[in-house]
Amino acid sequence: MTYDNILRLSDDPDVNDVIKFLRQREVVHFQRFGEGLRLAKDRLGEKNVYYMNPSFDR
């Protein structure tokens, strides 16, 4: 929303390009965070092989 507000106020094409890039980058970061969270949730029930395996420390 902030990026859209800035774009409404700006008439400089160079500034607008940077703001559009930052807005898209934030969307991608949000998507990747969601994917990482989903992967972590999917693996919550799995056994941690390194924690549960005493022979790993030998």
Side-chain angles (χ1 to χ4, degrees):
M1 181 69 82
T2 301
Y3 296 118
D4 293 333
N5 289 337
I6 293 170
L7 287 171
R8 277 194 278 280
L9 296 173
S10 172
D11 59 354
D12 184 346
D14 292 331
V15 170
N16 291 347
D17 288 344
V18 172
I19 296 301
K20 289 176 184 177
F21 168 77
L22 292 173
R23 179 178 59 183
Q24 183 60 34
R25 185 180 68 168
E26 189 164 326
V27 168
V28 171
H29 285 166
F30 182 78
Q31 291 170 339
R32 296 300 171 259
F33 178 78
E35 289 175 15
L37 185 60
R38 182 185 52 79
L39 289 171
K41 282 183 174 182
D42 290 347
R43 294 182 181 195
L44 279 177
E46 294 179 8
K47 289 184 178 178
N48 186 334
V49 175
Y50 305 110
Y51 175 73
M52 303 297 280
N53 188 350
S55 65
F56 183 74
D57 291 331
R58 292 183 188 163

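Nothing here was measured: the structure is a model prediction, and the numbers come from that model.
Heavy-atom neighbours of D11 CG from other residues, nucleotides or ligands within 6.0 Å: at or below the threshold of 12.
Counting only heavy atoms from C-beta outward, the side chains of R8 and N5 approach each other to under 4.5 Å. Taking 4.5 Å as the limit, some side-chain heavy atom of D4 sits within range of a side-chain heavy atom of R23. For the pair V18/L22, a side-chain contact is recorded, criterion being any heavy-atom separation below 4.5 Å from C-beta on.
Taken from NZ in K20 to CD1 in I6, the straight-line distance is 13.0 Å, to the nearest 0.5 Å.
Cluster membership check: F21 does not share its hydrophobic cluster with V27, using side-chain heavy-atom separations under 4.5 Å among Ile, Leu, Val, Met, Phe, Trp and Tyr.
Applying the side chain to side chain donor-acceptor pair (under 3.5 Å) rule to D14 yields no partners; only residues at least two apart in sequence or on another chain are considered.
The two atoms that bring I19 and Y3 nearest to each other are CG2-O, 3.6 Å, heavy atoms only.
Only one option out of R32, R38, Q31 pairs with E35 in a side chain to side chain donor-acceptor pair (under 3.5 Å); it is R32.
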